[in-house]
Amino acid sequence: FPADRTDQPFSISVLPRGARRLVDHEYPLIGIDRKVVRFVALSTARMKEWMASDLSGLDLLVIQIDGIHMDEDLILVAAVGVDAMGDKHPLGLIEGATENAATVQALIDNLIERGLDPAVPRLFIIDGAKALSKAIRRTFGPAAAIQRCQVHKARNIMERLPKSLHASVRRVLRQAWELDDADKAERLIRNLAQRLERDWSGVSGSILEGIDEILTVTRLGLPKELRRSLACTNIIENVMGTVRRVCRNVKRWRSAAMAMRWTAAAMQEAAKGFRRLKAHKQLPALRAALEAHQIKNSHGGLVRHANAA
């Protein structure tokens with residue numbers, strides 16, 4: 001196995017626990033320095049194998065996409081899927097200088113090349129970055145079901161408001177998220193934005209930005225417990241938490257390849273602790289809602305096309 005000198009010097013203490021177990025299991029008799037060299041080779045091979053794995057056999061209903069900043073000029077964008085049984089799967093990883101549409105598109109292209117059928121309706125859950133929505137709609141169609149993370153939305157709003165308004169604004173948002181009627185929920189949010197318009201016009205505009213995507217799980221008519229599970233990016237956020245924990249002792253990323261190896265190893269480590277989606281028994285309702293959403297929008301597109309002709 002060739003050593004990757006760009007990662008040297010290394011200390012065995014900064015290796016992910018999963019990587020240590022991997023190396024100890026496969027090469028129990030070699031010394032620490034050789035173990036580090038082996039880790040580079042093994043993690044590279046495992047990452048390549050993972051990034052080329054066939055996805056066509058996974059009945060994925062949900063895909064969460066998010067980015068993690070490794071340093072000022074390096075971001076990694078990752079995808080995690082949830083299948084019809086509620087089981088979670090790390091799907092892929094791509095590097096880029098920024099979380100722009102081109103970087104996200106490269107990740108999506110990789111998933112499709114590996115067997116992800118773009119014609120199958122799915123729910124995409126994102127943190128709200130416009131680049132994510134743009135790439136998803138470009139590939140899966142303008143009517144793709146996209147849910148923006150409600151936790152991120154609320155946090156971004158609170159960070160721009162004085163503490164004296166936090167309780168009242170949070171109460172309205174929580175009430176809107178819990179409503180079964182998407183139109184009523186939207187009215188609540190629009191009324192909130194209107195009340196803030198005079199003194200906090202910038203925040204008011206932020207509240208309304210992406211309002212259709214923030215209520216997708218409600219518009220789909222999903223059961224309340226399932227809505228709570230799918231209204232945020234908690235699944236992939238937990239994976240990113242493992243990445244940060246595993247990589248916390250790395251002082252400097254010497255290359256994108258090094259960051260990719262470590263992050264891929266950390267995602268595989270996180271997958272060992274995956275639990276089935278809490279509301280997995282309600283996932284058939286999601287499939288039915290997505291299929292109905294696809295049919296409705298396909299029919300609408302045909303009607304518009306006929307009228308234009």
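Just so you know, these numbers use all the heavy atoms, side chains as well, and skip hydrogens, waters and symmetry mates.
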Minimal non-hydrogen separation, Ala279 against Ser229, with atom names: CB-OG, 4.0 Å
Among Ile207, Ile157, Val169, Leu165, which residue satisfies the side chain to side chain contact (heavy atoms under 4.5 Å, CB included) criterion with Trp200? Leu165
Side chain to side chain contact (heavy atoms under 4.5 Å, CB included) partner of Arg122, the single match among Val82, Leu286, Ile63: Ile63
Any side-chain heavy-atom pair of Asp59 and Arg287 under 4.5 Å: yes
Within-4.5 Å side-chain heavy-atom neighbours: Ile108 and Ile136: yes
Counting distance only, does the side-chain N/O of Ser133 pair as donor-acceptor with the main-chain N or O of Lys130 below 3.5 Å? no
Closest heavy-atom pair and its distance - Arg137, Ala144: NH1-O, 3.0 Å
Hey, does Val217 have a side-chain heavy atom less than 4.5 Å from the side chain of Leu215? no
Whether the side chain of Thr216 engages the backbone of Ile146 through a donor-acceptor N/O pair (distance < 3.5 Å, no angle test) should be reported. yes
Can you tell if the side chain of Asp87 reaches within under 4.5 Å of the side chain of Phe274, non-hydrogen atoms only? no
Going through the checks in order, is the side-chain contact (heavy atoms from CB on, under 4.5 Å) test met by Leu277 and Leu226? CA-CA 9 Å; Leu277 189 74; Leu226 186 59; 4.1 Å; yes
Tell me whether the rings of Phe124 and Phe140 are parallel (<30°), tilted (30 to 60°) or perpendicular (>60°). tilted
Before you tell me yes or no, could you show the steps for Glu213 and Arg219 under salt bridge (Lys or Arg N to Asp or Glu O under 4.0 Å), namely the whole-Å CA-CA distance, both residues' side-chain angles and the distance that decides it to 0.1 Å? CA-CA 9 Å; Glu213 293 180 354; Arg219 294 193 186 283; over 6 Å; no
Ignoring hydrogens and geometry, is there a side-chain-to-backbone donor-acceptor pair from Lys88 to Ile235 under 3.5 Å? no
Heavy-atom pair of closest approach, residues Gln147 and Ile214: NE2-O, 3.0 Å
Shortest non-hydrogen contact from His152 to Thr233? CE1-OG1, 3.3 Å
Presence of salt bridge, Lys153 and Asp127, under 4.0 angstrom: no
Just checking, is any N or O donor in the side chain of Asn110 or Arg114 under 3.5 Å from an acceptor N or O on the other one? yes
Closest approach of Thr139 and Pro118, non-hydrogen atoms and distance? O-CB, 4.4 Å
With a 4.0 Å cut-off, would you call Glu178 and Arg227 a salt bridge? no
Find out if a path of hydrophobic residues (ILVMFWY) with successive side-chain heavy-atom gaps under 4.5 Å connects Val104 to Val239. no
Does a donor on one side chain sit under 3.5 Å from an acceptor on the other, for Arg138 and Gln105? yes
side-chain contact (heavy atoms from CB on, under 4.5 Å) assessment of Leu283 paired with His280: CA-CA 5 Å; Leu283 283 171; His280 65 275; 4.2 Å; yes
Quick one: does Glu209's side chain get under 4.5 Å of Arg148's, heavy atoms only? yes
Below 4.0 angstrom, N of the basic side chain to O of the carboxylate: do Lys296 and Glu291 qualify? no
Closest approach of Gln64 to Ile236 (non-hydrogen atoms, all atoms of both residues): OE1-N, 3.1 Å
Would you say that Leu188 contacts Leu179 through its side chain, given a criterion of any heavy-atom pair below 4.5 Å between the two side chains? yes
Are Leu60 and Trp50 grouped together when hydrophobic residues (ILVMFWY) are joined by side-chain heavy atoms under 4.5 angstrom apart? no
